[in-house]
Each structure stands twice: as structure tokens, then as C-alpha cells.
Q: 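Below is the structure I would like to discuss, written out as C-alpha cells.
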Number of protein chains: 2
Amino acid sequence: MGIVRNTKSVSLVTDFFRQMDGAVGVVELVEKFKGQMNKSTIYRILDRLEDEGRVHSFLGGNGLKHYAKCHNCTSGHHSDIHPHFQCTSCGKVECVSCEIAIPELPNKRIQQVQLFLTGTCEGCSS
Amino acid sequence: MGIVRNTKSVSLVTDFFRQMDGAVGVVELVEKFKGQMNKSTIYRILDRLEDEGRVHSFLGGNGLKHYAKCHNCTSGHHSDIHPHFQCTSCGKVECVSCEIAIPELPNKRIQQVQLFLTGTCEGCSS
DNA sequence: TTTATTTTTGCAACTCAGTCGCAATAAAAC
DNA sequence: GTTTTATTGCGACTGAGTTGCAAAAATAAA
């Protein structure tokens, strides 16, 4: 259904994503907005933003839900599929803008590819 | 530490993996062995089998832990890294024996690659 | 600007995967 | 057979995520 009403909580979250590059775990978002909104509210707003194609979600290396803003997605269709990278040193998670080579498998039709990379980021490897 | 004692529970689990091709979620294992062993026991046995290099674990599309038997791994070192595939129709999860092309990213050192594929398996696409 | 309508929020209680401490049990060693 | 030590069962717990419902806030209507 998407976002219908521009509430204070909605603009807090959208503002956050506007100035946020990279991805963030829901746990951190709940922590960040604790005191400003309820945890259910965050989950619900993120759901709606995802419906609208304004953020996309994926599971981090720990299996926990992460969100990052979309770039060319529309409501109901997420078109920017890309790998995600997490630095083992600083923990930061980011979207990686590169093509994923979809493997051809005999007798299988691949519909979705989730690629999660772990390593050391530029800041931490120096 | 690995498996030190060959208990009834341990052989039930190892027997299961011996005749199991593909991967299985912990939830299904807990369900399968309900009545024969406690859920904590399953988790602990799987941990130890993984330490030993006899099974490997990964997170399924739902973020839940899955296990599959290893082929050429040793205690402390898992050498068979491969993608995993889940059929959206029958739900079956399997290990895919193909090489993963590790993407080169500027200023990043990639240490680990997790590739999870979703689609339709041969049985379900006919 | 007041009232009515409908969405959104807060809250508290819940589900479910996974973990933990500890006493009881079972395997292996002696 | 007895002792030692790993393993198990149990129950309680943690932490992410969900849900129902009444209260509050946003938009639409008057």
C-alpha cells in the first residue's frame, strides 16, 4: 500500500535514508530511533517504504534484516539488484554497484540471486 | 572440539546426513527428531559436526540456519565453498557444485562469498 | 476551523529460533 | 564394576520480528 500519510515518524526515517549511504540493520535503526518512535512503527514504516520501492531489504551475514535506499525502483518492482558487502573490521554494510554473473545451472531456472560479500573495506585495510 | 562420544543422538544425526543429499533447515531437523532428542541437543551436535568439518552451515533465504554435509573438509577448515539453491515451488534446498566468480572491487579485500540462488528446480519446472 | 473519516502509532503481549546453566545420564576409561 | 568426563534434557531465557487493539494523528469533508 505504501506510504499514505506523512507522519513525523515517516519523515524521520526517510530523512535518515536520504543522508545515509550504505545499508543499515533494523536493530541499529530501532536503537537509533528509540525514544522517537516505537519498534513496531519502524518495522511497519520500512515495510511500506519497501513496497513503495524507496528502500530495499536483504539479510546481512548474521541473518538479520538490513535496509538501504533504492535508486531506480518503482512501487512494486525492485530493479536494482546488487551484491552487498560487509566489512568484518568496522561492521559497515554497503551496496555494491556491480553486475552479478548469474550462473547457468542445468535443469534449473534461476529467478533470484543474493550475493553477500564479507571482507575488509578501504578504510580498514590501510 | 568436535564429536568425542558416539551417542545415540549423534549417530541418528550422522546417519541422517549420510543418506541426505542437499541441505536441510534446523527447524526441519528439530521437527524430524522430536521425540528422539531435545532441540538443544540437535543444535549442539550440529555445532560439533560443523567444527569437525563434517557438515557446513549457511543461512537460507529466510535467514534460518541450514546444514548440509561436507565433501572434502577437515576439522577447522571448510574448503568446499559453493552456492546454495532453493526451489520456490517445492522448497527443497541444495548445494550447487559450481565455482563462484569472486568480484574484484576497488579498495576492498573480499574474504568470503555467500551466494544464495532462488528459482525452480528440475522436478518442479517440468 | 470544526467535525468526521481513515491511517498510523504505541503498547503489551506474543511467536519463534537459538542459547544457556545445571542437574541427571550415558559413554568411555580405568 | 567403578570412576571420570562428555553429553543430554529440561526449563528458562534472549532477541528479532509480528499482531490486535485502543488511542492519537493526519487528511478529507463540511
Side-chain angles (χ1 to χ4, degrees), chain A residues 1-17 23-52 54-68 75 84 86 91 93 114 116, chain B residues 1-17 23-68 75-76 84 86 91 93 114 116:
Chain A
M1 187 176 51
I3 299 287
V4 189
R5 292 189 184 185
N6 189 31
T7 64
K8 193 182 280 183
S9 299
V10 167
S11 45
L12 279 170
V13 175
T14 51
D15 283 355
F16 171 80
F17 277 106
V24 60
V26 185
V27 178
E28 290 94 71
L29 281 173
V30 170
E31 175 65 21
K32 173 165 216 90
F33 290 116
K34 174 167 53 180
Q36 291 167 287
M37 72 190 79
N38 189 270
K39 127 182 114 145
S40 313
T41 305
I42 301 182
Y43 280 102
R44 290 191 272 227
I45 289 177
L46 291 169
D47 273 358
R48 282 178 271 156
L49 287 175
E50 189 168 21
D51 279 358
E52 273 207 331
R54 293 166 69 178
V55 301
H56 61 275
S57 74
F58 60 97
L59 299 176
N62 46 18
L64 300 187
K65 217 166 188 186
H66 284 64
Y67 283 90
S75 173
H84 295 93
Q86 180 160 34
V93 181
Q114 288 165 62
F116 192 77
Chain B
M1 186 176 52
I3 298 289
V4 189
R5 293 190 183 182
N6 188 30
T7 65
K8 192 183 282 185
S9 299
V10 168
S11 42
L12 278 171
V13 175
T14 51
D15 283 355
F16 171 79
F17 276 106
V24 59
V26 184
V27 178
E28 289 95 71
L29 282 172
V30 170
E31 175 65 23
K32 172 166 216 87
F33 290 117
K34 174 168 49 177
Q36 291 166 288
M37 74 190 78
N38 190 272
K39 126 182 117 149
S40 314
T41 305
I42 301 183
Y43 279 102
R44 290 191 273 228
I45 289 177
L46 290 170
D47 273 359
R48 282 178 269 154
L49 288 175
E50 187 168 23
D51 279 358
E52 274 208 328
R54 293 167 67 180
V55 301
H56 61 276
S57 74
F58 60 98
L59 300 176
N62 46 17
L64 301 186
K65 217 166 187 187
H66 284 64
Y67 284 90
S75 173
H84 294 93
Q86 180 161 34
V93 182
Q114 289 165 61
F116 191 78

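A quick note: this is a predicted structure, and the numbers were derived from the prediction, not measured. To find a chain, count down the sequence lines: A is the first, B the second, and so on, and within it residues start at 1.
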Q: Separation of A/Glu28 atom CD from D/dG17 atom P, in whole Å?
A: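 About 10 Å, once rounded to whole Å.
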Q: Rounded to the nearest 0.5 Å, how far apart are OG1 of B/Thr41 and CG of B/Leu46?
A: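 It is 10.5 Å, given to the nearest 0.5 Å.
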Q: Looking at residues at least two apart in the chain, or sitting in another chain, which of them share a ring-ring contact (aromatic ring centres under 6.0 Å, His included) with A/His84?
A: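 Applying ring-ring contact (aromatic ring centres under 6.0 Å, His included) to A/His84 gives A/His56, A/Phe58, A/His82.
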Q: Set out, line by line, the N/O atom pairs under 3.5 Å between protein and nucleotides 28-30 of chain D.
A:
none

Q: Would B/Phe116 and B/Leu59 count as a side chain to side chain contact (heavy atoms under 4.5 Å, CB included) if you check the C-alpha gap in whole Å, the side-chain angles of each, and the deciding distance to 0.1 Å?
A: CA-CA 9 Å; B/Phe116 191 78; B/Leu59 300 176; over 6 Å; no
Q: Within this structure, what is the CD1-CG distance for the pair B/Ile3 and B/Asp51, rounded to the nearest 0.5 Å?
A: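 Atom-to-atom, B/Ile3:CD1 and B/Asp51:CG are 9.0 Å apart.
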Q: Rounded off to whole Å, could you give me the CD-to-P distance for the A/Gln36 and C/dG10 pair?
A: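 About 10 Å, once rounded to whole Å.
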Q: For the helix from C/dT1-D/dA30 to C/dC30-D/dG1, figure out the bend between the end axes, five pairs an end, and round to 10 degrees.
A: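 Nearest ten degrees gives 20° for this helix.
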Q: Going by side chain to side chain contact (heavy atoms under 4.5 Å, CB included), name the residues that satisfy it together with B/Thr14, two or more places apart in sequence or in a different chain.
A: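 So B/Thr14 forms a side chain to side chain contact (heavy atoms under 4.5 Å, CB included) with B/Val10, B/Ser11, B/Arg18, B/Leu49, B/Arg54.
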Q: In whole angstroms, how far is the C1' atom of D/dA16 from the CD atom of A/Glu31?
A: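 Atom-to-atom, A/Glu31 to D/dA16, this comes out as 14 Å.
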Q: List for me each residue that meets side chain to side chain contact (heavy atoms under 4.5 Å, CB included) alongside A/Arg44, sequence neighbours excluded, and say none if there are none.
A: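 Result, side chain to side chain contact (heavy atoms under 4.5 Å, CB included) vs A/Arg44: A/Ser40, A/Arg48.
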Q: I'd like a table of atom pairs between the protein and nucleotides 28-30 of chain C - only N or O on both sides, under 3.5 Å - with the distance next to each one.
A:
residue, atom, partner, partner atom, Å
C/dA28, OP1, B/Asn6, N, 3.3

Q: Round to a whole Å and report the spacing from NZ of A/Lys8 to P of C/dT9.
A: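 Checked: the NZ to P distance equals 12 Å.
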Q: Rounded to whole angstrom units, what separation is found between the CD1 atom of A/Ile45 and the P atom of D/dT18?
A: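 Answer to the nearest Å: 14 Å.
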Q: Go along nucleotides 16-25 of chain C 5' to 3' and tag each nucleotide: B for a protein heavy atom under 4.0 Å from its base, S when only backbone or sugar atoms are that close, - otherwise.
A: -SBBBB----
Q: Could you state the atom-to-atom distance from CZ of A/Arg48 to C1' of D/dA26 in whole Å?
A: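 Distance check: A/Arg48 CZ to D/dA26 C1' gives 12 Å.
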Q: With sequence neighbours left out, write down each residue that passes side chain to side chain contact (heavy atoms under 4.5 Å, CB included) with A/Gln36, or none if nothing qualifies.
A: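 A/Leu12, A/Phe33.
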Q: Side chain to side chain contact (heavy atoms under 4.5 Å, CB included) between A/Asn38 and A/Tyr43: does it pass, once the steps are laid out?
A: CA-CA 9 Å; A/Asn38 189 270; A/Tyr43 280 102; over 6 Å; no
Q: Under the salt bridge (charged side-chain N to carboxylate O under 4.0 Å, His left out) rule, what pairs show up with a residue in residues 23-32 of chain B, not counting sequence neighbours?
A: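 Output for this query lists B/Glu31-B/Lys34.
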Q: Once side-chain hydrogen bond (donor to acceptor under 3.5 Å, both in side chains) is applied, do any residues pair with B/Gln114, and if so which ones, sequence neighbours excluded?
A: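 Expected list: B/Gln112.
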Q: Decide yes or no on side chain to side chain contact (heavy atoms under 4.5 Å, CB included) for B/Leu64 and B/Val26, but give the supporting numbers first.
A: CA-CA 8 Å; B/Leu64 301 186; B/Val26 184; over 6 Å; no
Q: Locate the shortest heavy-atom distance separating A/Gln86 from A/Gly91; write the atom from each residue and the value.
A: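 Closest approach of A/Gln86 to A/Gly91, heavy atoms only: NE2-O, 2.9 Å.
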Q: Nearest whole angstrom, please: distance from the C1' of D/dG17 to the CG of A/Asn62.
A: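 Rounding to the nearest Å, CG of A/Asn62 and C1' of D/dG17 are 14 Å apart.
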Q: Rounded off to whole Å, could you give me the CG-to-C1' distance for the A/Leu12 and D/dA25 pair?
A: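 After rounding, the reported distance stands at 15 Å.
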Q: Measure from the side-chain N and O atoms of B/Glu50 to the backbone N and O of B/Val55, and report whether any donor-acceptor pair falls under 3.5 Å.
A: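 Side chain of B/Glu50 to backbone of B/Val55: no pair is present.
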Q: So A/Val13 and A/Met37, side chain to side chain contact (heavy atoms under 4.5 Å, CB included) or not? Walk me through it.
A: CA-CA 10 Å; A/Val13 175; A/Met37 72 190 79; 3.9 Å; yes
Q: Scan A/Val10 against the nucleic acid and name what it touches under 4.0 Å (heavy atoms): base, sugar-phosphate only, or nothing.
A: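 Sugar-phosphate contact only.
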